[in-house]
Structure formats: structure tokens, C-alpha cells
Amino acid sequence: KLTVIANPSSQVALTRLDASASTGNVSFDGSGLGSLADITMGSGSDVVKIGSVLNQASTLASVSTGIGNDVLSISATATAGIGATLTADTGAGADRIDIAVSDAIAYDVNAGSGDDYVLIKSGAIELTDIVKGGDGIDTLAFVGKPRFNDLDYRTIVALKDFEILEFVGGAGTTEAF
């Protein structure tokens, strides 16, 4: 098992983490990183945690976890208008993806094949945000009341290949719509 932890008290930039040859379980905690470029995991049940505060010089690029029952947790805030985009692909397996980003960050997430669970915790869902469930029985869940822009229908169409939609209240209860 490999664990990499960034120092949350400093703004460290990571340009590349390549664990693609790994067949074990890899854990990466990128909390506190100022910039991320490319993170690639191998097969195995990997855990990737991203928690960043981004500014004009920051970037979010791509995360690929490969085959396995992976957990990807994205928690990032940004100054308005920086244009950072996160691209994530969790590959085959029963994956868990948690997304909590500010409105200034766009995302393109592909959960891959398997019975996946994607939880969107905060931020407005914009037309530029893409979330794909892939093959399997996939669940897309929203915490609280999601905010869609004025193009609701087109925005919801960008959320693809999900068989189950959940709206989860603040205390963890599921709310019907």
C-alpha cells in the first residue's frame, strides 16, 4: 500500500503521480495542493482525495483510477472565474465519487462500468459540467437542493447513464422529488 500526503499548510504543486503499474491498493491524499496535473492509478481498490484552494495560477487536470472499486473524493474551492476543470475517470468497478466544488470549477466525470455512486455535494450544476455513469446500475445523488442554471433541461441531459437519482437531505435522509 502506497500513501502520499501533501502538507495542507503549504500550496504544493503536483505535476504528475503515476501509479499505473500498481496492482495493489493505492491511497493518495492531495488535500492542500495548490495545483494538480495528472494522477493515474493502477488496478486495485484505490482511494484518491483531492482538497484544494485554487487561485489564478492553479490548475486541476485529470484523475484516472483504473480498474477496481475506487473512491474518489473531490473538494475544491476557487476564486471566481479561474476556469479550472477537473477530468476524472474511475474505470471499471463499483466506484464511489464525491464532488464538492465551488461554482468556478467545471468537471467532466466518467464513472465507467460497474455499479457506481456519484454524490454531488455543492455548487451549481452548469451546462459545462458533465457526469457520466457508464454501464451498470449507477446512482447520481445530490445533497440538499441542487442549483441548476436557467438551462435546466439541457443541464440534466448532460448527466448521462444513471439509473437512479437521489436527493439526500442535510441529515442523510433521502428526499423524494
Side-chain angles (χ1 to χ4, degrees), residues 1-6 8 12 14-33 35-52 59-77 84-102 105-123 125 129-144 146 156 158-175:
K1 181 177 183 179
L2 169 68
T3 303
V4 179
I5 300 175
V12 177
L14 174 69
T15 57
R16 183 168 176 81
L17 172 63
D18 188 346
S20 59
S22 171
T23 57
N25 301 335
V26 177
S27 176
F28 171 74
D29 186 343
S31 299
L33 289 176
S35 292
L36 297 174
D38 295 303
I39 299 173
T40 305
M41 301 298 192
S43 62
S45 295
D46 303 317
V47 176
V48 177
K49 180 180 179 183
I50 298 170
S52 299
T59 59
L60 282 176
S62 66
V63 177
S64 176
T65 59
I67 298 170
N69 298 331
D70 305 311
V71 176
L72 174 59
S73 177
I74 304 160
S75 177
T77 58
T85 300
L86 174 75
T87 302
D89 187 337
T90 56
D95 304 312
R96 165 80 186 228
I97 303 168
D98 292 352
I99 302 170
V101 298
S102 66
I105 299 172
Y107 48 88
D108 183 343
V109 176
N110 183 355
S113 62
D115 297 341
D116 305 307
Y117 187 86
V118 178
L119 178 65
I120 298 177
K121 295 181 177 181
S122 63
I125 300 161
D129 296 327
I130 300 169
V131 183
K132 295 174 268 190
D135 294 335
I137 306 298
D138 301 313
T139 301
L140 178 61
F142 299 97
V143 170
I156 293 172
L159 307 174
K160 299 179 181 190
D161 299 323
F162 287 95
E163 289 70 33
I164 301 169
L165 283 178
E166 284 184 357
F167 292 88
V168 181
T173 58
T174 301
E175 298 174 355

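This is a predicted model, so every value here is computed, not measured. Heads up: numbering here begins at 1 and tracks the sequence.
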Mind listing the closest non-hydrogen atom pair of [X] and [Y] along with its distance?
| X | Y | answer |
| --- | --- | --- |
| Tyr117 | Glu166 | OH-OE1, 3.1 Å |
| Gly136 | Glu163 | O-OE1, 2.9 Å |
| Gly112 | Asp116 | O-OD2, 2.9 Å |
| Val63 | Ile50 | CG2-CD1, 3.5 Å |
| Ala94 | Asn69 | N-OD1, 2.8 Å |
| Ala88 | Leu72 | CB-CD2, 3.6 Å |

Could you give the distance from [atom1] ([X]) to [atom2] ([Y]), rounded to the nearest 0.5 Å?
| X | Y | atom1 | atom2 | answer |
| --- | --- | --- | --- | --- |
| Leu86 | Ile74 | CG | CD1 | 4.5 Å |
| Asp138 | Phe162 | CG | CZ | 6.0 Å |
| Leu140 | Lys132 | CG | NZ | 14.0 Å |
| Asp18 | Ile39 | CG | CD1 | 11.0 Å |

Side-chain donor or acceptor of [X] paired with backbone N/O of [Y] under 3.5 Å:
| X | Y | value |
| --- | --- | --- |
| Thr90 | Ala111 | yes |
| Asn110 | Asp89 | no |
| Asn25 | Ser45 | yes |

Within a strict 4.5 Å, meaning less than it, do heavy atoms of the [X] and [Y] side chains meet?
| X | Y | value |
| --- | --- | --- |
| Asp70 | Met41 | no |
| Phe28 | Asp46 | no |
| Ile97 | Tyr107 | no |

